[in-house]
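It should be emphasised that the depicted structure is a prediction, and the values quoted were computed from it without experimental measurement.
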Amino acid sequence: MNTRHVVIETHLGPITIVAKDETITGLYFRHHVRRSAHETFGPEAGDSTDALLGEAVRQLRDYLAGGRRQFDLRSRPRATRSSMPSGTS
């Protein structure tokens with residue numbers, strides 16, 4: 001399994017995008033309340049050298065600029081028991 005991440009600067013502050021293999025598994029703001037441990041993000045990859053993260057960055061920037069309303073990326077958000085609302089499992 002190939003887990004890696006990229007951090008981009010936006011007008012909302014830095015956003016971390018995490019990918020595992022060919023799937024986006026997380027998108028986190030700096031002070032995200034239920035942020036996974038940084039050690040689980042894998043090494044930092046450049047968005048210019050990683051096709052999936054590069055496309056995620058492009059689509060996120062386009063969304064934040066108002067040019068996109070939805071994403072066209074394979075995603076599987078990671079959920080931990082502590083990040084799930086109470087009463088779910």
Side-chain angles (χ1 to χ4, degrees):
M1 86 184 85
N2 179 16
T3 303
R4 69 263 186 221
H5 73 281
V6 65
V7 179
I8 62 168
E9 290 297 327
T10 73
H11 67 279
L12 301 173
I15 296 178
T16 302
I17 304 171
V18 182
K20 178 179 175 185
D21 299 321
E22 294 304 313
T23 304
I24 300 298
T25 58
L27 188 139
Y28 303 97
F29 293 93
R30 179 185 305 179
H31 300 294
H32 208 109
V33 173
R34 293 188 170 114
R35 182 180 173 118
S36 295
H38 186 78
E39 302 81 51
T40 65
F41 295 170
E44 187 162 359
D47 59 315
S48 62
T49 59
D50 186 292
L52 175 62
L53 288 174
E55 182 61 16
V57 167
R58 188 188 70 72
Q59 289 188 29
L60 180 58
R61 289 193 189 284
D62 194 31
Y63 174 83
L64 293 173
R68 173 179 288 274
R69 295 182 65 142
Q70 53 186 288
F71 296 89
D72 183 26
L73 295 165
R74 184 173 175 194
S75 64
R76 178 175 284 171
R78 280 185 41 176
T80 61
R81 185 169 287 286
S82 65
S83 71
M84 297 168 59
S86 60
T88 61
S89 53

Which label fits Phe41 and His5: parallel for a plane angle under 30°, tilted from 30 to 60°, or perpendicular past 60°?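 Taking His5 first and then Phe41, their aromatic rings sit tilted (interplane angle of 30° to 60°).
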
With a 6.0 Å cut-off (strictly less than), is the heavy-atom count around CD of Gln70, excluding the residue itself, greater than 12? no

Would you find more than 12 non-hydrogen atoms of other residues, nucleotides or ligands less than 6.0 Å from Arg58 atom CZ?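 Counting neighbours around CZ of Arg58, more than 12 heavy atoms of other residues, nucleotides or ligands fall under 6.0 Å, so yes.
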
Point-to-point distance, once rounded to the nearest 0.5 Å, from [atom1] of [X] to [atom2] of [Y]:
X	Y	atom1	atom2	answer
Arg68	Gln59	CZ	CD	4.0 Å
Glu44	Asp50	CD	CG	11.5 Å
Arg61	His11	CZ	NE2	11.0 Å

Donor-acceptor contact below 3.5 Å, side chain [X] vs main chain [Y]:
X	Y	answer
Arg4	Asp21	yes
Glu55	Leu73	no
Thr10	Leu12	yes

Is [Y] reachable from [X] through a run of I, L, V, M, F, W or Y residues, each pair having side-chain heavy atoms under 4.5 Å apart?
X	Y	answer
Phe29	Leu60	yes
Tyr63	Leu53	yes
Leu64	Ile24	yes

Non-hydrogen side-chain atoms of Tyr28 and Ile15 separated by less than 4.5 Å: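 No, too far: nothing below the 4.5 Å cut-off.
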
Compare all side-chain heavy atoms of Thr3 with those of Val18 and state whether any distance is below 4.5 angstrom.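 Sidechains of Val18 and Thr3: in contact.
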
